[in-house]
Amino acid sequence: MARRWSEEEKELIIKLRKEGFSAREMVPYFDNRTEATIKNLASKLCPKNSKWTEEEDRILLELYSEGKSTKQIAKQLPGRTLASIRTRIQATLLATGEATRKQTKPIQWSVDKVELLIKLREEGKTYKEIGEALGDISESTVANKMVELMKRGKVIPKQIQKDWTEEEEALVCELRSQNVSNGQIAERLGRTLGSVANHISLLIKQGRLDPYGNIDRNYPCKLYLIYFTEENFYKIGITQNTINTRFQGYPTYKIIEVLNFDTLEKAREVEARVKKMVEPYQYHPLVFKYGATECFQVTTPINSIMDLVAYLETSEK
């Protein structure tokens, strides 16, 4: 049975919608609410305006030309979501030449910036206060980063998720075997994306879910060992892509060694042995998003996988 919406939740949806938040951007503000359910309620509580007026277009052009952010513009256009404003800018102002495209840079999350974010969150600062302290970053960007950190175990959620049932776990395993995304699984179960991702990691660690269920077992694989220089940790894993394709967007790493195998099973046999050995040295990265169970720190430079094995066999944690 669907959980009823509280009056506080409804008020928050109305507040966020007036500030221009889309349903997707609202997700981090709610516990156990999916984007679909938020979108459905928001459409009832705050019906969208149908046609843009000349006055709205004038305000939009004026604020955009002044370099205002989409969120700042939304505050001056009650009832218009961030998504609808972006669409209007693209379809009207930019397409007709009334405004020129602004060059924006993506947020670069350095280790220092992530550590400060965690510190401010532990001090009880709001997303708005954190964003301002980090250099005028939007609340939604801070919230999304916080969800990512919760997913990776770097931040403890303030509210504990409800216990998982055997039926839910069985459904997760079934959907994963069908290559269904974590987001779709979360929507199906009515859970947050972070909760689903954390539980999938737990099922993999317990040996109840195959992390390579979507890999062709009879296709050549690569077992790699790489080193992330910014945070000073190593990662071992398996891929059927090139290493640079697998880690596109993470420039601060260097390849230590890559071993080629004819099948997945052969690669997994070696990987399983090494992963068992590095368990006492496991490291949870601040910036790197994926495969945290394969990340570890050791105190000596490693030059190959065999070098790593030799070091671990002679060391005591």
Which heavy atom of T37 sits nearest a heavy atom of W5, and at what distance? O-CZ2, 3.7 Å
What do the steps show when you test Y281 against T299 for side chain to side chain donor-acceptor pair (under 3.5 Å), and what is the final call? CA-CA 10 Å; Y281 304 85; T299 57; over 6 Å; no
Applying side chain to side chain contact (heavy atoms under 4.5 Å, CB included) to E269 and not counting sequence neighbours gives none
Sequence-distant partners of L12, side chain to side chain contact (heavy atoms under 4.5 Å, CB included), two or more places apart: L16, Y29, F30
E9 (side chain) donor-acceptor with S6 (main chain) under 3.5 angstrom: yes
Applying side-chain hydrogen bond (donor to acceptor under 3.5 Å, both in side chains), can you list everything that pairs with N40, at least two apart in sequence or on another chain? none
Sort out for me which residue in I13, I38, V27 forms a side chain to side chain contact (heavy atoms under 4.5 Å, CB included) with R33. I38
Within the 4.5 Å heavy-atom criterion, are P285 and F233 side-chain neighbours or not? yes
Just jot down the salt bridge (Lys or Arg N to Asp or Glu O under 4.0 Å) partners of E55, sequence neighbours excluded, or say none. R58
For A170, what residues pass the side chain to side chain contact (heavy atoms under 4.5 Å, CB included) criterion, not counting sequence neighbours? none
Residues in side-chain hydrogen bond (donor to acceptor under 3.5 Å, both in side chains) with E313, at least two apart? R273
Can you find a heavy atom in the side chain of I256 that is under 4.5 Å from one in the side chain of L308? no
Under the rule for ring pair (Phe, Tyr, Trp, His ring centres under 6.0 Å), what residues qualify as partners of Y227, not counting sequence neighbours? Y234
Who pairs with E279 by salt bridge (Lys or Arg N to Asp or Glu O under 4.0 Å), at least two apart in sequence or on another chain? K276
Counterpart residues, side-chain hydrogen bond (donor to acceptor under 3.5 Å, both in side chains), relative to E35 (two or more places apart): R24
Is it the case that the side chain of E257 and the backbone of L225 share a donor-acceptor pair, with hydrogens and angles ignored and the cut-off at 3.5 Å? no
Listed partners of E123 passing side chain to side chain contact (heavy atoms under 4.5 Å, CB included), at least two apart: K119, L120, K125
The salt bridge (Lys or Arg N to Asp or Glu O under 4.0 Å) partners of K10 (sequence neighbours excluded) come to E7
For the residue pair H199 and W164, categorise the inter-ring angle as parallel (less than 30°), tilted (30 to 60°) or perpendicular (more than 60°). parallel
Under the side-chain hydrogen bond (donor to acceptor under 3.5 Å, both in side chains) test, which residues partner E230, sequence neighbours left out? none
